[in-house]
2 protein chains.
Amino acid sequence: MTVATRDRILDSTAELLRRYGYTGTGLKQIVAEANAPFGSIYHFFPGGKEQLGVETIHRSGRMYQELVEEVFDAAPDVVTGVSDCFAGAAATLEVTDYADACPIATVALEVASVSEPLRQATAEVFESWIQSSASRFGRAGIAPAQARELAIAMLNGLEGAFVFSRALRSTEPLHVAGAQAAAAVRAALDPQAPAATPRSRRRARSAP
Amino acid sequence: MTVATRDRILDSTAELLRRYGYTGTGLKQIVAEANAPFGSIYHFFPGGKEQLGVETIHRSGRMYQELVEEVFDAAPDVVTGVSDCFAGAAATLEVTDYADACPIATVALEVASVSEPLRQATAEVFESWIQSSASRFGRAGIAPAQARELAIAMLNGLEGAFVFSRALRSTEPLHVAGAQAAAAVRAALDPQAPAATPRSRRRARSAP
DNA sequence: GTCTATAGAAGGATAGAC
DNA sequence: GTCTATCCTTCTATAGAC
């Protein structure tokens, strides 16, 4: 036995949730893909589909964060790190025929007004992503408040671009989002040209 | 008779798709909310759920575009127009307890890898939104290519912020996205400080 | 054209043999 | 712990009365 049944179930759930969402994924489909008997779901996850969903969201969220952090930290500077992450996301999307984008975004939108435990799981993952990104911007010398805004703006762009890219079957939105995020970080690091960053909005308000 | 059965069905479908997505919305739920007999669905939409979905996506997309255009065009300038749109989206989200965000984003993610007719419908709506926004930026004096990038960046931010805002039950992401989009448009209009706009990326590459 | 009833498949969940 | 069989509900879709 190489991989435990419980882990195979979590793996196949993660993949199916990413592509087809929560309501679009059936438990029978999950065990079929995991090569597991149906009863194993309720053996390992007594809470049924919802518990399996919550655990998968946390697991997928953590794995995706680690993946992004590796790409990010391998870059020589934060601007390149941001660019590389978006480029990697675009490459993955193309390779998988526009199927594999954000591992939890579809679920997040589906469950937001339906299941409080599931919504909370997606919220915890997103908050962790924001803090991970913000801490890296902070380490690069950006003040905490602006670092958080930059992190949110970058992740906004990433998630929005995923929506558009999957629908349009084009990586154009991802490339635009990557360029914008990189430019925003660059501007935040360069005190000479802060006009287009959220933080310096007040200063630039005198402009047309 | 005030509103035709067919329109009531489309209205209730639009509302349910927006909140619960495509697979999360049942036909029985639709006719219940529309006060219509079940058979009416197949009378008016012989193609079943998929046809009803396609028509609703186009309809919701058009209505949302018109709503945004009204807010946008009522503002004294494009920067204010952008800000007002995000502020309005945030207000709607709060008033509806974080239920009413983008009318088609949840569906778009759900169907992207499942139904080609539905995916295409979402793609057509998104492309129309991009062109509507880009044309307004163009009218303000921004060159076509940059206007399209700005439009995509702004819509990326809006859709991504919808994902985060619904999950986190906070309007913070929407406010960040609005400020960033307004700043990007302002920078594109101001030749003095173009450093942080996507278009001027090459020029600024010499910076740290 | 409006509406009801029901078919047939798929959904989540459970019981219990092994 | 593994696996099968089955229950009950819900889903989409259709048939046909009125």
Side-chain angles (χ1 to χ4, degrees), chain A residues 1-57 106-107 109-111 113-119 121, chain B residues 1-57 106-107 109-111 113-119 121:
Chain A
M1 189 199 297
T2 51
V3 182
T5 302
R6 190 187 147 91
D7 285 332
R8 290 204 314 279
I9 291 175
L10 283 170
D11 282 342
S12 76
T13 304
E15 187 186 324
L16 291 167
L17 288 191
R18 183 178 202 166
R19 299 191 175 198
Y20 309 116
Y22 185 75
T23 50
T25 298
L27 295 182
K28 289 172 185 174
Q29 197 179 355
I30 289 171
V31 293
E33 182 124 344
N35 263 81
F38 187 81
S40 293
I41 286 190
Y42 287 89
H43 175 70
F44 293 112
F45 308 94
K49 192 181 187 182
E50 194 170 61
Q51 183 190 346
L52 178 56
V54 168
E55 289 200 29
T56 301
I57 288 165
T106 310
V107 177
L109 287 179
E110 283 181 285
V111 306
S113 303
V114 172
S115 161
E116 190 54 20
L118 286 166
R119 181 203 65 78
Chain B
M1 189 200 296
T2 51
V3 181
T5 302
R6 190 187 148 91
D7 285 332
R8 289 205 315 279
I9 291 175
L10 283 169
D11 282 342
S12 76
T13 304
E15 187 187 324
L16 292 167
L17 289 191
R18 184 178 201 166
R19 299 192 174 198
Y20 309 116
Y22 185 76
T23 49
T25 298
L27 295 182
K28 290 175 183 174
Q29 200 179 352
I30 289 171
V31 293
E33 183 124 344
N35 263 80
F38 186 81
S40 293
I41 286 190
Y42 287 89
H43 175 71
F44 293 113
F45 309 94
K49 191 182 187 181
E50 194 170 59
Q51 184 190 345
L52 177 56
V54 168
E55 290 201 30
T56 302
I57 289 165
T106 310
V107 177
L109 287 179
E110 283 181 285
V111 306
S113 302
V114 172
S115 161
E116 190 55 19
L118 286 166
R119 180 202 67 78

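Source: prediction; values computed, not measured. Order of the sequence lines fixes the chain letters, A, B, ..., with proteins taken first and strands second; residue numbering starts at 1 for each chain.
- Summarising the geometry, the separation between CD on A/Glu50 and P on C/dG12 is reported as 13 Å, rounded to the nearest angstrom.
- D/dT12 atom C1' lies 15 Å from atom CD of B/Gln51, rounded to whole Å.
- Looking at every heavy atom in both residues, A/Leu118 comes nearest to A/Gly53 through CD2-C, 3.7 Å.
- When the side chain to side chain contact (heavy atoms under 4.5 Å, CB included) test is applied to B/Val107, the partners found at least two apart in sequence or on another chain are B/Leu17, B/Tyr22, B/Ile57, B/Glu110, B/Val111.
- Using a 4.0 Å cut-off between charged side-chain N and carboxylate O, B/Glu116 and B/Arg119 make a salt bridge.
- With sequence neighbours excluded, the residues that form a side-chain hydrogen bond (donor to acceptor under 3.5 Å, both in side chains) with A/Gln51 are A/Glu55.
- In terms of heavy atoms, A/Val114 sits closest to B/Tyr20 at CG2-CD2, 3.5 Å.
- Heavy atoms only, all atoms of each residue included: A/Gly24 and A/Gln29 are closest at O-OE1, 3.7 Å.
- Distance alone, capped at 3.5 Å, is enough to place a donor-acceptor pair between the A/Lys49 side chain and the A/Thr25 backbone.
- With axes fitted over five pairs at each extremity, the angle between the ends of the helix from C/dG1-D/dC18 to C/dC18-D/dG1 is 10° (10° resolution).
- Within 4.0 Å (heavy atoms only), A/Gly39 reaches at least one base atom of the nucleic acid.
- Listed in residue order, the members of residues 11-32 of chain B having a heavy atom less than 4.0 Å from DNA chain C come to none.
- From B/Ile41, atom CD1 reaches atom NZ of B/Lys28 across 10.5 Å, with rounding to the nearest 0.5 Å.
- Among the nucleotides D/dT4, C/dA5, C/dA13, the one closest to any side-chain atom of A/Lys49 is C/dA13.
- Within residues 40-47 of chain B, the residues that place at least one heavy atom under 4.0 Å from DNA chain C are, in residue-number order, B/His43, B/Phe44.
- As rounded to whole Å, 11 Å separates atom C1' of C/dA5 from atom CZ of B/Phe38.
- A distance of 9.5 Å separates CD1 of A/Ile9 from NE2 of A/His43, quoted to the nearest 0.5 Å.
- Although no hydrogens or angles enter the test, the distance criterion places no donor-acceptor pair under 3.5 Å between the side chain of B/Thr56 and the main chain of B/Thr13.
- Partners of B/Pro117 under the side chain to side chain contact (heavy atoms under 4.5 Å, CB included) rule, at least two apart in sequence or in another chain, are B/Glu50, B/Val54, B/Ser115.
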